[in-house]
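Written out below as structure tokens is the structure these notes cover.
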Amino acid sequence: QVQLVESGGGLVQAGGSLRLSCTASGRTFSSFAMGWFRQAPEKERESVGGISRDGKSTWYEDAVKGRITIARDNAKNTVYLQMNSLKFEDTAVYYCAAALGQGPYADYRLYDYWGQGTQVTVSS
């Protein structure tokens with residue numbers, strides 16, 4: 001089992017920045033590729049991006065590419081989502097997820113463990 005806890009969400013003005021963190025406990029963190037997903041009200045969950053288990057490869061959704069960076073610190077069992085130039089449409093609950101394997105993976109069905117989510121609200 002892996003437990004994931006996100007933090008860092010909040011209210012930010014459009015154009016601002018936020019850094020989300022996701023800390024894992026349980027099994028060896030470096031065994032898992034990590035992903036970030038989001039879900040806005042009345043919309044389906046969508047991928048934001050992901051990072052390989054060794055941190056050497058990343059993947060970003062086109063809608064956020066150039067505005068976000070995903071990084072991980074395996075010594076701290078933590079993955080980060082840095083978001084810049086935030087837009088109103090980035091408002092959503094953001095989830096981190098863990099998938100056994102090298103990764104990164106865009107398909108949410110490959111992820112085995114999920115955090116409880118953290119709310120990001122961007123005011124226009």
Side-chain angles (χ1 to χ4, degrees):
Q1 286 286 343
V2 173
Q3 293 78 42
L4 302 172
V5 179
E6 301 97 336
S7 60
L11 175 65
V12 62
Q13 288 188 334
S17 298
L18 275 178
R19 188 178 79 157
L20 306 184
S21 300
C22 172
T23 300
S25 60
R27 295 178 63 180
T28 305
F29 182 64
S30 58
S31 299
F32 294 88
M34 299 298 295
W36 285 96
F37 297 80
R38 66 185 182 184
Q39 187 165 18
E42 301 183 357
K43 292 189 177 180
E44 295 194 359
R45 175 175 40 190
E46 63 178 1
S47 175
V48 175
I51 188 167
S52 60
R53 63 186 181 187
D54 60 7
K56 293 182 179 180
S57 298
T58 52
W59 176 88
Y60 301 115
E61 178 62 45
D62 285 345
V64 297
K65 194 177 295 183
R67 299 191 294 118
I68 73 163
T69 303
I70 296 175
R72 66 189 294 163
D73 185 339
N74 285 348
K76 295 183 178 179
N77 290 353
T78 301
V79 62
Y80 304 97
L81 174 63
Q82 176 69 45
M83 301 188 290
N84 302 319
S85 302
L86 282 161
K87 305 176 181 180
F88 176 74
E89 51 265 40
D90 293 320
T91 296
V93 177
Y94 284 71
Y95 301 89
C96 70
L100 277 172
Q102 177 64 22
Y105 307 116
D107 188 345
Y108 74 91
R109 294 170 296 182
L110 297 176
Y111 288 83
D112 305 290
Y113 304 99
W114 293 79
Q116 82 290 349
T118 186
Q119 177 70 47
V120 171
T121 302
V122 183
S123 61
S124 57

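Atoms considered below: every heavy atom in the structure, side chains included; atoms not considered: hydrogens, waters and symmetry mates.
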Quiz item: Does the side-chain hydrogen bond (donor to acceptor under 3.5 Å, both in side chains) test come out yes or no for Arg53 and Gln102, once each step is laid out?
Solution: CA-CA 5 Å; Arg53 63 186 181 187; Gln102 177 64 22; 3.0 Å; yes
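Of all heavy-atom pairs spanning Ala99 and Asp112, the tightest one is CA-OD2, 3.6 Å. A pairwise comparison of heavy atoms in Ala14 and Ser124 identifies CB-CA, 4.3 Å as the closest pair. Counting all heavy atoms, side chain and backbone alike, Ser57 lies closest to Pro104 at CB-CD, 3.7 Å. Nearest heavy atom pair, residue Gly103 against residue Ala33, reads CA-CB, 3.7 Å. Heavy atoms only, all atoms of each residue included: Val93 and Gly117 are closest at CG1-CA, 3.8 Å. Residues Thr78 and Lys76 share a closest heavy-atom pair of OG1-O, 2.8 Å.
A cation-pi arrangement is not found for Arg45 relative to Tyr95, the charged atom failing to lie both closer than 6.0 Å to the ring centre and inside a 45° cone about the ring normal.
Considering CZ of Arg72 and OG1 of Thr58, their distance stands at 12.0 Å, rounded to 0.5 Å. Distance check, rounded to the nearest 0.5 Å: CD of Gln119 to CG of Leu11 gives 9.5 Å. Distance SG/Cys22 to CD/Glu6: 5.0 Å, rounded to 0.5 Å. Taken to the nearest 0.5 Å, the CG atom of Asp54 stands 8.0 Å off from the CG atom of Asn74.
Side chains of Thr23 and Asn77: no donor on one and acceptor on the other come within 3.5 Å.
Relative ring orientation between Phe37 and Trp114 is described as tilted, the plane-to-plane angle lying within the 30° to 60° band.
Evaluated for a salt bridge (charged side-chain N to carboxylate O under 4.0 Å, His left out) with Arg38, the options Glu46, Glu89, Glu61 yield exactly one hit, Glu46.
The hydrophobic cluster around Val12 extends to Val2, Leu4, Leu18, Leu20, Phe29, Phe32, Met34, Trp36, Val48, Ile51, Tyr60, Val64, Ile68, Ile70, Val79, Leu81, Met83, Leu86, Tyr94, Leu100, Tyr113, Val120, Val122, counting ILVMFWY residues whose side-chain heavy atoms fall within less than 4.5 Å of a member. The hydrophobic cluster analysis finds Tyr80 isolated: no Ile, Leu, Val, Met, Phe, Trp or Tyr side chain comes under 4.5 Å of it, directly or through other members.
Using a cutoff of 4.0 Å between basic side-chain nitrogens and carboxylate oxygens, Asp90 and Lys87 are not scored as salt-bridged.
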